[in-house]
Number of protein chains: 4
Amino acid sequence: MTAPRRNERSRRAILTAALELLTETGYPDLTVEAIAARAGVGKQTIYRWWRGKGAVILEAMVDSVPPNAVLPDTGDLRADLRTVIRATVAEFADPRLSATTRAITIETLSDEALAEQVRDQLLRPQLAAVKDRLRAGQATGQARDGIDLDLTVELLFGPIYHRWLLRNGPLTEGYADELVDLAMTAITP
Amino acid sequence: MTAPRRNERSRRAILTAALELLTETGYPDLTVEAIAARAGVGKQTIYRWWRGKGAVILEAMVDSVPPNAVLPDTGDLRADLRTVIRATVAEFADPRLSATTRAITIETLSDEALAEQVRDQLLRPQLAAVKDRLRAGQATGQARDGIDLDLTVELLFGPIYHRWLLRNGPLTEGYADELVDLAMTAITP
Amino acid sequence: MTAPRRNERSRRAILTAALELLTETGYPDLTVEAIAARAGVGKQTIYRWWRGKGAVILEAMVDSVPPNAVLPDTGDLRADLRTVIRATVAEFADPRLSATTRAITIETLSDEALAEQVRDQLLRPQLAAVKDRLRAGQATGQARDGIDLDLTVELLFGPIYHRWLLRNGPLTEGYADELVDLAMTAITP
Amino acid sequence: MTAPRRNERSRRAILTAALELLTETGYPDLTVEAIAARAGVGKQTIYRWWRGKGAVILEAMVDSVPPNAVLPDTGDLRADLRTVIRATVAEFADPRLSATTRAITIETLSDEALAEQVRDQLLRPQLAAVKDRLRAGQATGQARDGIDLDLTVELLFGPIYHRWLLRNGPLTEGYADELVDLAMTAITP
DNA sequence: GCCTAACCGAGACGGTACGTCGTGTCTTAAT
DNA sequence: ATTAAGACACGACGTACCGTCTCGGTTAGGC
């Protein structure tokens, strides 16, 4: 019963190489072979620990993301939502981060298992944090009691995804603020 | 300047075969070779008229969709939005249609040109119709004057995309209605 | 019912490359991949027409051998046998030819089907020719009537194979002559 | 200078596993990995003591063969040769023994060093014994004085190798006797 | 009877080649 | 000129073994 004696050096080299190649060539042209070559690693080593390039990119993302950005609670719901929505918009606007998000999105669209993993490990926590902040807002009377919090969260993030996915307009800070304001209108008592 | 002597029988066979295989195997495992074989057609015939499997699926979608669903205007903005949002939710909930949407989405995430085509030819018209209906709502005082119509459209469709993409909850008629109600709250004067 | 439209240029390039690489690297280090690369050909093209490197080498051999060396019949059995045995010994002594023979031998030792092909298409005809000459020798009284011709043929060729296989001595013209003389002693009336 | 503390249990397990796998899968599909797994042994242990699968099979053969069957000398040369040639034919006809012989032959065809080892340690002694018996036969007048003993040995064994290698006929006791008779004709004074 | 080296099993590692699949281009023969 | 058919060069797939390299865990001498 020995722990799987995994080579950490190889693991890091693989994740780094994967992200580099992703920005260089785009996800569809990213190959396991190229990752292995760039990382100075045998293909088998990749297949031993990951199910494919999608899983590698996912782990690279998880690895490069701060553990869990907690949402601020300054007492001002609108201001706090602005902070998080601005950050999200900025993330989607950044070509580097957007590339990995695009990659993961492609993969989740065809890999059910990976989709669940991404949803549960990456996205749900973030959305749950916003939900918590909204609930706190209800307690302080800054948000209506009757609203469906899940739906409200979608009202905040959905438009960003929509615009990003359809390349249907600029993703700027002003856009973030406008979005928050409109959503606040919907949920303010 | 002769018109391209294109074989309509082959074209139909290709589009049909493509949609069949898409639902059978999923987009990533869909191959031009298989489409050609199923359609009883040479590969060259596909490559002569389309840029790849993405373009084939796109044409199949366009072909199978009613030319341009015009939005109803019953005078009741909320009711009209319910109609269109319910329809959209139903479309995303339907496995058959969802499969082609998923395929196109994958392809647009990596093919900029195709993305524009999809956006301008398929989606913009539909969104523009909703925008028009909202403008008409402003005229009748059912929607505030100050709102950004583009953003409002995103507020309506964004959450659906978000939920669909992240498989983050059920896509039901009740969901559609709730969504419309929340959005209406944001834009009612 | 079209003939298999096979590219003769590719075929020649493959056979040539295979023989070159065989002498350069030896049979065990010969790879289909290397043959394809040297020939400027896709691996698939090799696998389409041959079962593996063994079959390629076999065809290369058959291709490079004169269709069917007929045995001379000068009336002098001993002299005629000398001619053919000297030629055989020379063939085994020649490094170039020996390399391909060695390759084929390796392959036939593990591939039953190939072994039959080699035996029936390459060796049997040659041995049959010698057998015929021996039969003619019987008619002219230069060989005993009672002898088993198959065995006699083996008596002539077996020692050469034995010496070659075991690297158990030099393969010279003198050896060939001595061998013929000893065999003649066994079969002369 | 301590003796290498070699695990005899492992050694036996490896040789046994190698022979088993050899008959099960044939030499080309025999792998060091499989031998190690079957023997319950680390790969390293095999590579520590042998140069590769060829060397393992060779040692297995040497291990399973009686040290050195001396040739009988009953005074009757023909009878004694019959004994040894019959035994050799039987060995080549036996599928079990033939498999290991085939394996070793394949390996020697590409490994010069191994070839020498096999020739000098396994075959030469046997052939030398026959040569000695022939020399004794010369002394008793049962064989001519002028003959080349090396060649005569090849005359006896070569045909067997030839027939075995080319799968060119049955290897029976009758064949052995016929062969001895023909060879005796060549060397009897 | 302990200590410490060598040896052991296990199996991860960087590689190389495998044989297959799909790509997009090409050639051929037949409408 | 377009078509069905399919060969072609190419490149990646995911797998199998290669021979080397750690890892602990025995195990057998020499003290």
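Below, chains carry the letters A, B, ... as their sequence lines are ordered, and counting in each starts from 1.
Summarising the geometry of D63(D) relative to R12(D), their closest heavy-atom pair is OD2-NH1, 3.3 Å, with the distance given to 0.1 Å.
Map G42(C) and K53(A) each onto its nearest nucleotide of DNA chain F; the residue landing nearer the 5' end is G42(C). Comparing E33(B) and A34(A) by the nucleotide of DNA chain F whose heavy atom lies nearest to each, the residue mapping closer to the 5' end is E33(B). Sequence order on DNA chain E of the closest nucleotides to A39(D) and V32(C) puts A39(D) first from the 5' end.
Considering only side-chain N and O atoms, W50(B) lies nowhere under 4.0 angstrom from the phosphate OP1 or OP2 of dG24(E). Dashed line: the shortest gap from a side-chain N or O of S10(A) to OP1 or OP2 of dC13(E) is not under 4.0 Å. Between T45(D) and dC7(E) there is no side-chain polar atom (N or O) within less than 4.0 angstrom of OP1 or OP2. Contact check, W49(C) against dC8(F): a side-chain N or O comes under 4.0 Å of OP1 or OP2.
Within 6.0 Å of CZ on R48(D) lie more than 12 heavy atoms contributed by other residues, nucleotides or ligands.
Note that CG of L30(C) and CG of L19(C) are 9.5 Å apart. Values are rounded to the nearest 0.5 Å. Here the CG-CD1 distance, from L15(D) to I46(D), works out to 9.5 Å after rounding to the nearest 0.5 Å.
Classification of R38(C) and E33(C) as a salt-bridged pair fails, no side-chain N sitting under 4.0 Å from a carboxylate O. Ionic pairing of E107(C) and K53(C) is not present here: no N-O contact between side-chain nitrogen and carboxylate oxygen is shorter than 4.0 angstrom.
A straight line from CZ of R5(C) to C1' of dA30(E) spans 12 Å, rounded to a whole angstrom. Look at CD1 on I46(A): it is 16 Å from C1' on dT16(E), rounded to the nearest Å. Atom CD in Q44(C) sits about 10 Å away from atom P in dA7(F), given to the nearest Å. Going from atom CD of E8(B) over to atom C1' of dT2(F) covers 15 Å, rounded to whole Å. Residue R48(B) contributes atom CZ, which lies 14 Å from atom P of dT27(E) at whole-angstrom precision. Rounded to an integer number of Å, the gap from OH of Y47(C) to C1' of dG19(E) is 5 Å. For I35(A) and dG14(F), the CD1 to P distance is 11 Å, given to the nearest whole Å. One atom, NZ of K43(D), and another, C1' of dA12(E), lie 10 Å apart when rounded to the nearest Å.
Within residues 17-31 of chain B, the residues that place at least one heavy atom under 4.0 Å from DNA chain E are, in residue-number order, T31(B).
Partners of R167(D) according to the side chain to side chain donor-acceptor pair (under 3.5 Å) rule, which considers only residues two or more places apart in sequence or in another chain, are E112(C).
Nucleic acid contact for G40(D): sugar-phosphate only, since backbone atoms but no base atoms lie under 4.0 Å from a heavy atom of the residue.
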